[in-house]
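Working notes, beginning with the structure itself.
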Amino acid sequence: MNKAIPEVTLNDGTTLPVTGLGTYGLWGNAGANSVSSGINAGYRLIDTAYNYENEGAVGEGIKRSGISRDDLWITSKLPGRYHEYDKAMVAIQESLYRSKLDYFDLYVIHWPLPNQDKYVEAWQALIDAQKWGLVRSIGVSNFLPEHLERIIKETGVTPSLNQVELHPFFNQEEQRRAHAEHHIQTQSWSPIARAADILSNDIVSKIAESHNKTIPQVVLRWQYQIGSVSIPRSTSPTRQRENLDIFDFELSETEMTAIAGLSHPDGRLFGMDPATHEEF
């Protein structure tokens, strides 16, 4: 494991780096090269999903990197159309075949789809997949506090992690409190928000100037200091390295508060509310 990146310990005893590489939209040969360059830049946590349709590219990127599989943490996600128990088990196997991996370090339910009401069944499949060695740790994504409460109550198993939309314009303070109550690790997707919005923000820009850092570096440092694992996406080797260079400075309490103050209730980037969003 790359010791330059701090690690967190999950509630099941496994560990993972505090930042990783998002891979949405990284497809084919170019995608494989981006994953490989990210690993060689220092990333050890790689995040993909069945519905990204790039698990094969991620697997190829891992192969091209030359880094031992044992030194990597690979995450994938179960799509909504496979929430039924038997379908979920097949989907997990299919994800492994596509990526040419023997196991995932983390596998999560991508969205709860409460209108379909099969996420408890899907969670039971992940519990069994962990018992059978297909995955090391199991979690969820985009689960609201009520969804978390239900799966814990009905199965007795608490997710190790919940991956949610979290960035300065939507800081998920209430959601993070729910995670803390259950010792669930928070992970942030779209951690930097929309580039056009964050890069033009005067507050974050001034903070970045004072630390001689880029705006994305400041935001990722903010993510780290609030205790969330971030998974920024980048295809540029230079940007990939920059996004990892966040451990040599610290934001003050005043700066942290200023960034948190950018959040607003309707801050979701794409309007995808887990209470109603349908993803298949």
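Since this is a predicted model, take the numbers as computed values, not measurements. Index from 1, following the sequence.
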Starting at OG1 of Thr158, measure out to CG of Asn11 and round the result to the nearest 0.5 Å.
6.0 Å
Scan residues 211-229 for pairs that pass salt bridge (charged side-chain N to carboxylate O under 4.0 Å, His left out), counting only residues two or more places apart or in two chains.
Lys213-Asp245, Lys213-Asp248
Just to verify, what does Ser230 make a side chain to side chain donor-acceptor pair (under 3.5 Å) with, not counting sequence neighbours?
Thr19
Would a single hydrophobic cluster contain both Val108 and Trp132, if residues Ile, Leu, Val, Met, Phe, Trp and Tyr are joined by side-chain heavy-atom contacts under 4.5 Å?
yes
Looking only at heavy atoms, which two atoms of Asn40 and Ser65 are closest? And how far apart?
OD1-O, 3.4 Å
Test of understanding: with salt bridge (charged side-chain N to carboxylate O under 4.0 Å, His left out), list the residues that count as partners of Asp117, not counting sequence neighbours.
Arg150
Looking at residues at least two apart in the chain, or sitting in another chain, which of them share a salt bridge (charged side-chain N to carboxylate O under 4.0 Å, His left out) with Arg69?
Asp105
Give a yes or no on this: more than 12 heavy atoms of other residues, nucleotides or ligands lie within 6.0 Å of atom CZ of Arg176.
yes
So, Arg233 side chain and Leu21 main chain: donor-acceptor pair closer than 3.5 Å or not?
no
Can you check whether Gly61's main-chain N or O pairs, donor with acceptor, with Asn33's side chain at less than 3.5 Å?
no
Check the pair Gln116, Glu278 against side chain to side chain contact (heavy atoms under 4.5 Å, CB included), reporting the backbone distance first and the verdict last.
CA-CA 9 Å; Gln116 305 299 315; Glu278 298 282 299; 2.9 Å; yes
Does one side chain, of Gln240 or Ser37, offer a donor that lies under 3.5 Å from an acceptor on the other?
yes
Just wondering, do Leu113 and His83 contact through their side chains at under 4.5 Å, heavy atoms?
yes
same_hphob_cluster(Tyr97, Leu101) at 4.5 Å side-chain heavy-atom cutoff
no
Strictly below 4.0 Å, N to O, side chains only: are Glu60 and Arg64 in salt-bridge contact?
yes
Quick one: does Thr155's side chain have a donor or acceptor within less than 3.5 Å of a partner on Ile151's backbone?
yes
Quick one: side chain to side chain donor-acceptor pair (under 3.5 Å) partners of Gln130, sequence neighbours excluded?
none
Find the distance between CD1 (Ile198) and CD1 (Ile203) and round it off to the nearest 0.5 Å.
9.5 Å
Determine which pairs satisfy salt bridge (charged side-chain N to carboxylate O under 4.0 Å, His left out) with at least one residue from residues 250-261, sequence neighbours left out, and list them in order.
none
Residues that Thr186 engages under side chain to side chain donor-acceptor pair (under 3.5 Å), provided they are two or more places apart
His179
State, to 0.1 Å, how close Leu166 and Ser228 come at their nearest heavy-atom pair, and which atoms those are.
CD1-OG, 4.2 Å
Taking only residues two or more places apart in sequence, or in another chain, which ones meet Gln185 in a side chain to side chain donor-acceptor pair (under 3.5 Å)?
none
Any donor-acceptor N/O pair, Asp12 side chain to Ser137 backbone, under 3.5 Å:
no
Tell me, with the steps shown, if Leu16 and Val8 meet side chain to side chain contact (heavy atoms under 4.5 Å, CB included).
CA-CA 6 Å; Leu16 80 162; Val8 293; 3.2 Å; yes
With sequence neighbours left out, the residues meeting ring pair (Phe, Tyr, Trp, His ring centres under 6.0 Å) with Trp222 are none
State, yes or no, whether a side-chain contact exists between Arg194 and Phe169 at a heavy-atom distance under 4.5 Å.
no
Counting only N and O atoms by type, is there a donor-acceptor contact under 3.5 Å from the side chain of Gln187 to the main-chain atoms of Leu161?
no
Do side-chain atoms of Gln217 reach the backbone of Glu242 as a donor and acceptor pair under 3.5 angstrom?
yes
Name each donor-acceptor pair under 3.5 Å that joins a side chain in residues 47-58 to protein atoms two or more places apart or in another chain, with its distance.
unit_1, atom_1, unit_2, atom_2, d
Asp47, OD1, Lys77, NZ, 3.3
Asp47, OD1, Gln163, NE2, 3.1
Asp47, OD2, Lys77, NZ, 2.6
Thr48, OG1, Asn54, OD1, 2.6
Tyr50, OH, Arg98, NH2, 3.1
Asn51, OD1, Arg81, NH1, 2.8
Asn51, OD1, Arg81, NH2, 3.3
Asn51, ND2, Glu279, OE2, 2.5
Tyr52, OH, Lys77, NZ, 3.3
Asn54, ND2, Thr23, O, 2.7
Asn54, ND2, Thr23, OG1, 3.3
Asn54, ND2, Leu26, O, 3.0
Glu55, OE1, Ser95, OG, 3.4
Glu55, OE2, Ser76, OG, 2.5
Glu55, OE2, Ser95, OG, 2.7

Are Leu220 and Pro191 side-chain neighbours, meaning at least one heavy-atom pair lies under 4.5 Å?
yes
Distance from Trp189 atom CH2 to Ser141 atom OG, nearest 0.5 Å?
8.0 Å
Validation row: His110, Leu78 side chains within 4.5 angstrom (heavy atoms):
no
Minimum-distance pair of heavy atoms, taken over all atoms of Ala88 and Ala125
CB-CB, 3.6 Å
How about Tyr43 and Asn243: do any of their side-chain heavy atoms sit closer than 4.5 Å?
yes
CG (Asp266) with more than 12 external heavy atoms under 6.0 Å
yes
Once rounded to the nearest 0.5 Å, what's the spacing between atom NE2 of His211 and atom OG of Ser252?
6.0 Å
Between the CE atom in Met89 and the CG atom in Leu126, the distance rounded to the nearest 0.5 Å is 8.5 Å
Glu173 with Arg177: basic N within carboxylate O range, under 4.0 Å
yes
With side chain to side chain contact (heavy atoms under 4.5 Å, CB included) as the test, would you mind laying out the steps for Ile39 and Arg44 before giving the verdict?
CA-CA 6 Å; Ile39 293 173; Arg44 294 297 178 263; 3.7 Å; yes
To the closest 0.5 Å, what do you measure between CD (Glu94) and OH (Tyr82)?
8.0 Å
Trp73 and Thr14: side chain to side chain contact (heavy atoms under 4.5 Å, CB included), yes or no, with the steps?
CA-CA 11 Å; Trp73 183 290; Thr14 57; 3.6 Å; yes
Could you tell me which non-hydrogen atom of Ile109 sits nearest to which non-hydrogen atom of Tyr119, and how far apart they are?
CD1-O, 3.7 Å
Does any part of the side chain of Arg268, heavy atoms only, come nearer than 4.5 Å to the side chain of Asp273, both counted from C-beta?
yes
Can you sort out the partners of Phe280 under ring pair (Phe, Tyr, Trp, His ring centres under 6.0 Å), two or more places apart, ordered by chain and number?
none
Would you find a donor on one side and an acceptor on the other, under 3.5 Å apart, between the side chain of Trp123 and the backbone of Val140?
no
Residues forming a salt bridge (charged side-chain N to carboxylate O under 4.0 Å, His left out) with Glu165, sequence neighbours excluded
none
Is it true that a side-chain atom of His147 and a backbone atom of Leu144 form a donor plus acceptor pair closer than 3.5 Å?
yes
